[in-house]
Amino acid sequence: MSGTGTRLSRQELARLVARDIAPGSYVNLGIGQPTMVADYLTAEQHVTLHTENGMLGMGPQAHGDRIDDELINAGKIPVTELPGASYFHHADSFAMMRGGHLDVCVLGAFQVSASGDLANWSTGAPDAIPAVGGAMDLAIGAKEVFVMMSLFARDGTAKLVPECTYPVTGLGCVTRVYTDCGVFHILEQDGARRLKLVEPYGLSADQIQDQLEVELSA
Amino acid sequence: MSGTGTRLSRQELARLVARDIAPGSYVNLGIGQPTMVADYLTAEQHVTLHTENGMLGMGPQAHGDRIDDELINAGKIPVTELPGASYFHHADSFAMMRGGHLDVCVLGAFQVSASGDLANWSTGAPDAIPAVGGAMDLAIGAKEVFVMMSLFARDGTAKLVPECTYPVTGLGCVTRVYTDCGVFHILEQDGARRLKLVEPYGLSADQIQDQLEVELSA
Amino acid sequence: MPEITQSTAAAVAGVKDGSTVLMGGFGNAGQPMELIDALLDSGARNLTVVSNNAGQGDAGLALLIKERRVRKVICSFPRQSDSWHFDAAYGAGEIELELVPQGNLAERLRAAGAGIGGFFTPTGYGTELAAGKETRQIEGRNYVLEHPLRGDVALIKALYADHAGNLVYRKTARNFGPVMAAAAAQTVVQVEQLLPTGSLDPEAVVTPGIYVDVVTVVATRGAGAAPEPHPAVREHTAEEMVGA
Amino acid sequence: MPEITQSTAAAVAGVKDGSTVLMGGFGNAGQPMELIDALLDSGARNLTVVSNNAGQGDAGLALLIKERRVRKVICSFPRQSDSWHFDAAYGAGEIELELVPQGNLAERLRAAGAGIGGFFTPTGYGTELAAGKETRQIEGRNYVLEHPLRGDVALIKALYADHAGNLVYRKTARNFGPVMAAAAAQTVVQVEQLLPTGSLDPEAVVTPGIYVDVVTVVATRGAGAAPEPHPAVREHTAEEMVGA
């Protein structure tokens, strides 16, 4: 459990997540930062990407002549099709997610609680137009839910919290949290969920503990 | 409301049912006697046949070289495929039935009650092996459920009854009953279901009424 | 057998004031833009629209909302960078929003088409979007009871139809089309091309014709453009060809 | 990526004593006969079998029942003219039967694959087969609550698989295959032929490879027989070909 001397860049974080995805996995990468994980998956990993708007076997973003308005990902960005792909309708696509068939889903977050509650769909601002998309389905569906986020918000408050103060997306669903300051695992032990720091970066484990209101498990 | 002088043969009954199926209908013909209806449907009717094991656009029974063990109907008889056919899996097939998308389903019966309850899956004999297949799904799914049966059992008892004594397949689902002695409609009037004899055959309306324990509506 | 019409105006005539309209599409992919334009021209108002989004830019559903024809939107993701017409209507309190997680939206539509009266879903449990809804623990997992979502009319887009109404779609434009086709009392579809019955292979049909009531051809990829190959389209023999 | 094995014995090794096994097929169409034969040879016992029928003649599931390997059958139609082995076991009180209306069987399997915790179905309401079950009136219609039906292993038959595990079926042999593939912890499929990845058109895949764990080739139509055309099978370019 030794960290490097510096916090991780977004690219380094994406590389770390990619490294931890088991070969042969079926994976959904959420909109935004999680999308970067695709750049670090290797051919040898044979990872199959799912997009909730109805496709398995999604390839990289399309450019130039390959752009097809009817071949897009969940972020509505034109993508490509890989050999072995398949298309299906929305009910089948979300049945695949809800039914626990995806191995890993990678999501961004506003907050994650020590017991794995996820808040990533709404800041709760009273005047904001609410929009949820597939966030709640992604949160509860995959066998493992990895979150990518900065450990601290711009105002310095920690985003790993005892209880989410933002509206939750799903309860007890997050299994790993990848942050610029370290990787955390949320493990089920003796019926309770425990938060464990497995790789600190830039800060020591003690420094991280000092800045969190949640207690890290040994 | 004038009947012919003789009771209807099974062939005549099948012809009568076929005549009453509206052009362009999607129809499921149950196993046994209802299958005969297909022989009397005309090309001009453009009726599309559904078989619950996963096909729309089913054609006539296959013979000789055209027999294909993987192209069968619900009675496990080899059939053929017509232009415009489609195949789908069992959950989709029964969703089509349960969702009310079929216009007409034609079924055999042991008994039909005056309010349209259907009994056609079990005689309730204590030593018999129970088997239901798709009977209960067919009973409740189609917009109209036509029953084909003899009006009287071999022992002379009427099969149109005040209440089914055999185990029911579905409640209040039958809309028409085609029998050798006449055609009955079960109509919803003022919130109640009424049984009306629309075409007697072989017997007069009065003679039929005399032999039934249910009261026919005017 | 569906009705075939050359007129998008005729195609959407089933939508009345107060109708619930299911609109296919995820973003612009699969959005039946020309049918929605015809709906705008029809003047129908007080609509409830079920769709994944609440319109984008200055086209389609966004224009219906701009013109205040839509009383209520049932969707999963109304807020987009170019959803200014929805934003304005919502900000002014002139449109009602029922926000539904995307998979529950799809499953509620599927339930409507499949005759399911309600279902227990884990999605949304413990969140604001399940507030007030019946919940149940089943085998140790928590679920929310959700109900079917039916439409009076579905407006969807497919790639090809045959004269029997069978449909195939193109890539991720398939999205909500198949479930919406089954969930509405009347389903209207715009296709790139209408093919003779017998042209679509029964193994590759996605939406069987039983779910389709009205078909209209809108060649969005340019009139006269050669259709691209699709695995469902087969060489047909004279014996197999029916209709024209 | 599924495991590919040449051995049906290896393919069914995931079935243990006491397993719940989903078996595809409607009558003989789509019944994975050679996988069931291998299961018989494996000696696994005390099985719960979910299948539409309870075996026919002297083959497949009927032999498993004859050998008393099956503790319980969950099916819709056990009684057939040639279901003598089930009849004998049932008559002797040596097999348990859970009779499920066929559409509820299919929907319970679908629910298991789709993560639905329970659903209200109108099928069976008011009948013996709903006795003791929770019911509810929803919008004036009566429904019965049914629960998902999961398998430890699904044994199914398809026409072709590619190396990514994508499946296509043949005519009415499709039946329960797609829903069982999604409803089991492990799905084992026997196919006529295994094709390189890229050979099946993504528009025409019926079961995506994510649902398939083990593939074995059993050429039931005669070894070396040319495969019949299927719309999903496409001419592949070198660029598209992956695997072998």
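Computed from a prediction, not measured in an experiment: that's the story for all the values here. By convention in this document, chain letters (A, B, ...) are assigned in the order of the sequence lines, proteins followed by strands, and residues within each chain are numbered from 1.
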> With only heavy atoms counted, which part of M55(B) is less than 4.5 Å from chain C, the side chain, the backbone, both or neither?
Replying inline: neither

> Does atom CD of E188(B) have more than 12 heavy-atom neighbours, drawn from other residues, nucleotides or ligands, at distances under 6.0 Å?
Replying inline: yes

>> I need the F88(B) CZ to E203(C) CD distance, nearest 0.5 Å.
In response: 11.5 Å

>> Taking side chain as everything from C-beta outward and backbone as N, CA, C, O, which of these in L102(B) sits under 4.5 Å from a heavy atom of chain C? Side chain, backbone, both or neither.
In response: both

> Got more than 12 heavy atoms from elsewhere within 6.0 Å of CD, Q189(B)?
Replying inline: yes

>> Taking every non-hydrogen pair under 4.5 Å, which of M97(B), R98(B), H50(B) racks up the most with chain C?
In response: R98(B)

> What pair of heavy atoms forms the shortest contact from R110(C) to A95(B), and how long is it?
Replying inline: NH2-CB, 4.2 Å

> Do other residues, nucleotides or ligands put more than 12 heavy atoms under 6.0 Å from the CZ atom of R15(B)?
Replying inline: no

>> Does I210(C) form a side-chain contact (heavy atoms from CB on, under 4.5 Å) with L56(B)? I'd like the steps, not just the answer.
In response: CA-CA 8 Å; I210(C) 192 171; L56(B) 271 174; 3.6 Å; yes

>> Going by ring pair (Phe, Tyr, Trp, His ring centres under 6.0 Å), name the pairs with one or both residues in residues 174-210 of chain C, residues two or more places apart or in two chains.
In response: H90(A)-F176(C)

> Looking at A114(C), G165(C), A183(C), which one has more heavy-atom pairs under 4.5 Å with chain B than the rest?
Replying inline: A114(C)

> What heavy-atom pair brings G84(B) and N166(C) nearest, and what distance separates the two atoms?
Replying inline: O-ND2, 2.9 Å

>> Looking at every heavy atom in both M96(B) and P208(C), which two are closest together, and how far apart are they?
In response: CE-CG, 4.0 Å

> Take atom CG in D69(B); do more than 12 heavy atoms of anything else shown fall under 6.0 Å from it?
Replying inline: no

>> On a heavy-atom basis, which atom in A182(C) and which in H101(B) lie closest, and how many Å separate them?
In response: O-CE1, 3.0 Å

> Around E215(B), counting heavy atoms of other residues, nucleotides and ligands shown, do more than 12 lie under 6.0 Å from its CD?
Replying inline: no

>> Is it true that, when you exclude Y166(B) itself, more than 12 heavy atoms of the residues, nucleotides or ligands shown sit nearer than 6.0 Å to its OH?
In response: no

>> Within this structure, what is the NE2-OG1 distance for the pair H46(B) and T197(C), rounded to the nearest 0.5 Å?
In response: 9.5 Å

